[in-house]
Amino acid sequence: MKTYQASVERDGKFWLIHIPGIGVTQARHLRELDEMARDLVVAMTGETPDSFCLEVTTRLPEEVQEHLRKAAQLRAESSRTQSEAAAEIRIAARQLVDAGLPLRDVGKLLGVSYQRAHQLAS
């Protein structure tokens with residue numbers, strides 16, 4: 001099955017859809033991209049809409065891409081620090097239990113339920 005590459009970028013009130021070797025069309029909303037791109041390929045090649053695949057790449061302004069990169073970096077950092085925090089609370093729970101505190105007291109000190117304190121200390 002043939003695959004057409006479509007690049008999409010915002011131009012004023014429209015999304016411009018460029019398919020190399022085929023042409024250019026536009027859509028008002030992202031939800032219209034697939035339909036408009038397929039209509040263009042069908043009109044220019046005579047193929048049927050279900051006889052080809054369409055891969056769409058959306059090009060965003062560089063400043064938007066920078067914010068998205070920063071957000072991804074912060075999410076990864078957040079995930080890492082959450083894992084570290086979970087490890088630290090498990091160590092604290094284990095040390096409290098090893099010091100002879102009852103699990104109910106450990107839960108109270110850590111601000112978690114008795115059951116969660118048991119899980120953390122295990």
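We're numbering straight along the sequence, starting at 1.
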Sorted by chain and number, sequence neighbours left out, side chain to side chain contact (heavy atoms under 4.5 Å, CB included) with V112 holds for L110, R116, A117, L120
If every non-hydrogen atom of [X] is compared with every non-hydrogen atom of [Y], which pair is closest and at what distance?
X    : Y   : value
A121 : A93 : N-CB, 4.1 Å
R10  : K13 : NH2-O, 3.2 Å
R38  : P49 : NH1-O, 2.7 Å
S51  : M1  : O-CG, 3.5 Å

Students should find that the hydrophobic cluster of L40, defined by side-chain heavy atoms under 4.5 Å apart, otherwise consists of Y4, V8, W15, I17, I19, I22, L30, L33, M36, V41, V42, M44, F52, L54, V56
With rounding to the nearest 0.5 angstrom, report the [atom1] to [atom2] distance, [X] to [Y].
X    : Y    : atom1 : atom2 : answer
H29  : F14  : NE2   : CZ    : 9.5 Å
L68  : E63  : CG    : CD    : 11.0 Å
R80  : Q82  : CZ    : CD    : 11.0 Å
R104 : S113 : CZ    : OG    : 9.5 Å
L96  : I89  : CG    : CD1   : 10.0 Å

Taking S79 for the side chain and R75 for the main chain, is one N or O donor matched with an acceptor at less than 3.5 Å?
-> no
Quiz item: Under a single-linkage definition using a 4.5 Å side-chain heavy-atom cutoff for Ile, Leu, Val, Met, Phe, Trp and Tyr, are L16 and L60 assigned to the same hydrophobic cluster?
Solution: no
Residues, nucleotides or ligands: over 12 heavy atoms within 6.0 Å of E9 CD: yes
Count the heavy atoms belonging to other residues, nucleotides or ligands that lie under 6.0 Å from NE2 of H118, then report whether that count exceeds 12.
no
Stepwise side chain to side chain contact (heavy atoms under 4.5 Å, CB included) check, V64 with H67: CA-CA 5 Å; V64 172; H67 287 293; 5.7 Å; no
**OP:** Could you tell me whether R69 and E66 make a salt bridge, using a distance below 4.0 angstrom between a side-chain N and a carboxylate O?
**Re:** yes
